[in-house]
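Heads up, the thing below is written out as structure tokens.
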Amino acid sequence: MEGASFGAGRAGGAVDPVDFLKQPQTILRVITWIFSIVVFGSIVNECYVNKDGPDLLCIFNENESACSYGIAVGVIAFFGCIFFFVVDLYFQQISSVKDRKRAVLLDLGFSGLLSFLWFVAFCFLANQWQQTTMSTGVSQGADAARAAISFSFFSIIVWVSSALVLRWGEENAAYPGYPAGTGIETTDTYQSPPFTETLEANPKGYQVPAY
């Protein structure tokens, strides 16, 4: 995009809702948000069962850490998606190229972190589920447990894809320069002083217009 910086239009430009929703980054953001809801929602609602007493036990091999970790990652991803969705929405209002770069790098780092956290969640939940002894209570939450494991895996793919999209956008970003008189920003950093081409130096060091 001409006159764009880090994948966005010039600072202060209006946001087109249709174009914004069609952006790959926005689509991936919505998908990761939905996946996070599925994971922590499945664990909270159906992955705790009663066994021998009133206390609820995590069905992932009765390991409370497995359920807690899955919920924690899901909640972090949920609020992280909302935060960066708002950043994307107001990104064009950021006038400083340095501030835009910081926002992109922060988003990139967060996407990389969540990719790692989801990888750990998938391995942890899958391992604990393999060691789980099936019972009546566990069977009732089996579908939810499998859903949490499956969408943890899918989240890895989507968050990695999000990081790659951000990285590609950063590498292909066009930096705005000075206006060239047409209202369109260019990548030219400097402009020639006025009348340079029509002035010539006289012997005394003064410049007079050439007629």
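Since we're looking at a predicted model, the values are computed, not measured.
- Inter-residue side-chain proximity for Phe60 and Ile149 is flagged as met; some heavy-atom pair is nearer than 4.5 Å.
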Show me the donor-acceptor pairs within less than 3.5 Å that the side chains of residues 118-130 make with the rest of the protein, sequence neighbours left out.
residue, atom, partner, partner atom, Å
Asn127, OD1, Gln131, NE2, 2.9
Gln128, OE1, Asn61, ND2, 3.2
Gln128, OE1, Asn63, ND2, 3.3

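- The salt bridge (Lys or Arg N to Asp or Glu O under 4.0 Å) pairs that include a residue from residues 23-41 are Arg29-Asp88, Arg29-Asp107, where partners are two or more places apart or lie in different chains.
- Annotation: disulfide bond (SG atoms under 2.5 Å apart) contacts of Cys67 (sequence neighbours excluded): Cys58.
- Shown here for Ala77 and Leu114, the closest heavy-atom pair between the two residues is CB-CD1, 3.7 Å.
- Separating the OG atom in Ser42 from the CD1 atom in Ile71 is a distance of 10.5 Å, to the nearest 0.5 Å.
- A distance of 10.0 Å separates CG in Leu164 from CG in Leu28, rounded to the nearest 0.5 Å.
- Shown here for Ser155 and Phe35, the closest heavy-atom pair between the two residues is OG-CB, 3.4 Å.
- Using a 4.5 Å heavy-atom threshold, the side chains of Ser162 and Val158 count as separate.
- Contact annotation: the side chain of Val104 approaches that of Phe91 to within less than 4.5 Å [non-hydrogen atoms, C-beta and beyond].
- Lys101 contributes atom NZ, which lies 12.5 Å from atom CG of Asp99 (distance to the nearest 0.5 angstrom).
- A heavy-atom distance below 4.5 Å is not found between the side chains of Val39 and Val73.
- Here salt bridge (Lys or Arg N to Asp or Glu O under 4.0 Å) pairs that include residues 116-140, with residues two or more places apart or in two chains, number zero.
- Using a 4.5 Å cut-off on side-chain heavy atoms (C-beta onward), Asn50 and Leu56 make contact.
- If you take CD1 on Ile43 and OG on Ser152, they are separated by 6.5 Å, rounding to the nearest 0.5 Å.
- The aromatic rings of Phe84 and Phe110 sit tilted, their planes meeting at an angle between 30° and 60°.
- How far CD of Glu46 is from CD1 of Ile59: 8.5 Å, rounded to the nearest 0.5 Å.
- Distance check: Leu113 CG to Ile76 CD1 gives 7.5 Å after rounding to the nearest 0.5 Å.
- For the salt bridge (Lys or Arg N to Asp or Glu O under 4.0 Å) condition, the pairs that include at least one residue of residues 128-157, sequence neighbours left out, are Asp143-Arg146.
- The aromatic rings of Phe78 and Trp33 lie parallel to each other, their planes meeting at an angle below 30°, with 60° marking the opposite boundary.
- Closest heavy-atom contact between Ile27 and Lys22: CD1-O, 3.7 Å.
- Under the salt bridge (charged side-chain N to carboxylate O under 4.0 Å, His left out) criterion, Glu64 pairs with no residue at all, not counting sequence neighbours.
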